[in-house]
Protein chains: 2
Amino acid sequence: MRLSELSERSGVKTATIKYYLREGLLPPGQRITATQAEYDEAHLRRLRLVRALIQVGRLPVATAREVLSHIDDASLGRTIRLGAALWSLPHGPDPDEEAPETAAAREAVERLLDRIGWATSQEIGSLSPAHRSLVSSVATLIRLGYPCDADYLAEQAGLMRQVAVQDLDMMETYPTEPEQVEMAVASAVLYEPLLMALRRMAQEEESARRYGL
Amino acid sequence: MRLSELSERSGVKTATIKYYLREGLLPPGQRITATQAEYDEAHLRRLRLVRALIQVGRLPVATAREVLSHIDDASLGRTIRLGAALWSLPHGPDPDEEAPETAAAREAVERLLDRIGWATSQEIGSLSPAHRSLVSSVATLIRLGYPCDADYLAEQAGLMRQVAVQDLDMMETYPTEPEQVEMAVASAVLYEPLLMALRRMAQEEESARRYGL
DNA sequence: CCCCATTGGAGAGTTCCACTATCCAATGAT
DNA sequence: ATCATTGGATAGTGGAACTCTCCAATGGGG
């Protein structure tokens, strides 16, 4: 199909598609003549993924390009490839090392991991974006005076563990590596708003159950 | 304290504080003279909350102002006040009614709510931002061809329900209404990255458990 | 008492980013 | 033959979140 058809089928303006091509988010189509190119279903699918990453996942264009490049990179093994893709995803701001709360937060996280036995995270994991993001989140909550005690964290961590099991099960339903990596990215980026929507609905439901209305 | 001290203690530039004052995110200080104003601890706390909402929660300035106004509004009862604050929080894009996937997604959500018995959400809840956000998320996943079956959704919804119970328990530890509303906002905005960080760490942990390394 | 650094206020300017509009030459359907 | 279309390149647009520049009014140190 031509660029204009790609545009119609995806609902994305041709100008925007050209922009994505320029930015390397979308591989160039197969050149038919000096002035025309042919796109296929793979382009359409990739384009939809790009839109989802940018619009739903709010990834900056540069980050989306990086993530996609990891999905495409066949030179790495699955574990590395998966890690590379996930670690380049956006995470909250890094912990502010100046702030005194950061030290307390780091210690709290340390104790948490110890308690629930997430060994990985302690050894190589203190470099993981997720780990730093967690420290930063806890520090912010402490600074604002919100409770963030060990029991609460452990409880929620346990629930997130169950969520993660579901996530990995779902990933395993895919046979090929690139599909698995893409699924992992989708799991991190696209299922996140879904989970958070479910959480807010659950809050509304539970709130209605407790206080009526 | 003066504006400059407020700036030092919060780590926010004076120019930015002035901007927030102008935008109504921060109440004006008490005027001492024609050219000077006095700020107190409440201003400092509010400023930190504003920064957290904007930087951690990624709220647009206008949205933050709206949310804060609901926190401050003493004219409403708790339930309404809480709802008003939470419903003005950002949620994903609204469902695209043009797209055929939206209808399927709406039906899937309908069936889900039926199955797990969240009555609230079906009656008044189809107007809730969380509900629309869920429909939109499911529609996106369907369009991209990712699995989103009833079993998966029900499973995750159950887990989110447990998370919500924790959330509400925490809210109840606060005695006064404005504190509860602020806690609810914090729960929706600030604990969200914390939960998602835990989820990603759990994924890393579970992944390591299954595939080694 | 005087002077000049500081303060708060107001408006314009800057930066970044995701697009989007404009051109242009080559093409290909009619 | 012709004229709308295509792909590519370049410059422009609009929104958001600051940030800079002035300015008049202090008010503390000498």
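Letters go in sequence order (proteins before strands), and every chain restarts at 1. Reckoned from all heavy atoms, side chains included, excluding hydrogens, waters and symmetry mates.
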Original post:
Can you check whether A:Arg51 has a side-chain N or O nearer than 4.0 Å to OP1 or OP2 of C:dC19?
Top reply: yes
Subject >> Any B:Thr33 side-chain N or O less than 4.0 Å from OP1/OP2 of C:dT7 >> reply: no
Original post:
Using a cut-off of 4.0 Å on non-hydrogen atoms, how would the nucleic acid contact of B:Arg31 be classed: base, sugar-phosphate, or nothing?
Top reply: sugar-phosphate
**OP:** Determine the sole option in B:Glu204, B:Glu206, B:Glu205 for which the salt bridge (charged side-chain N to carboxylate O under 4.0 Å, His left out) test with A:Arg161 is passed.
**Re:** B:Glu206
Original post:
Mapping B:Leu3 and A:Arg2 to their closest nucleotides on DNA chain C, which lands nearer the 5' end?
Top reply: B:Leu3
**OP:** Using only side-chain N and O atoms of B:Tyr20, determine if any of them is under 4.0 Å from OP1 or OP2 of D:dC18.
**Re:** yes
Original post:
Counting just side-chain N and O atoms, does A:Gln36 come under 4.0 Å of either OP1 or OP2 of D:dT5?
Top reply: no
Subject >> Integer-rounded Å distance: D:dG7 P and A:Gln30 CD >> reply: 13 Å
Subject >> Atom pair distance, as rounded to whole Å: CD in B:Glu23 and C1' in C:dG8 >> reply: 17 Å
**OP:** Could you tell me the separation between the CD atom of B:Glu5 and the P atom of C:dG8, rounded to a whole number of Å?
**Re:** 11 Å
Subject >> Sugar-phosphate, base or nothing in reach of B:Arg22, heavy atoms under 4.0 Å >> reply: base
Original post:
Under 4.0 Å between a Lys/Arg side-chain N and an Asp/Glu carboxylate O for B:Glu41 and B:Arg9?
Top reply: yes
Subject >> Check: B:Leu144 main-chain N/O paired with A:Arg45 side-chain donor or acceptor under 3.5 Å >> reply: yes
Subject >> Interatomic distance, A:Glu8 CD vs D:dT5 P [rounded to whole Å] >> reply: 12 Å
Subject >> Separation of atom CD1 in B:Ile54 from atom P in D:dA17, rounded to whole Å >> reply: 7 Å
Original post:
Base, sugar-phosphate alone, or nothing: which one does B:Ala15 contact when heavy atoms must sit under 4.0 Å apart?
Top reply: base
Original post:
If you count the non-hydrogen atoms of other residues, nucleotides and ligands that lie under 6.0 Å from CD in A:Glu179, is the total more than 12?
Top reply: yes
Original post:
When you check the phosphate oxygens OP1 and OP2 of D:dT6, does a side-chain N or O of A:Ser4 lie under 4.0 Å from one of them?
Top reply: yes
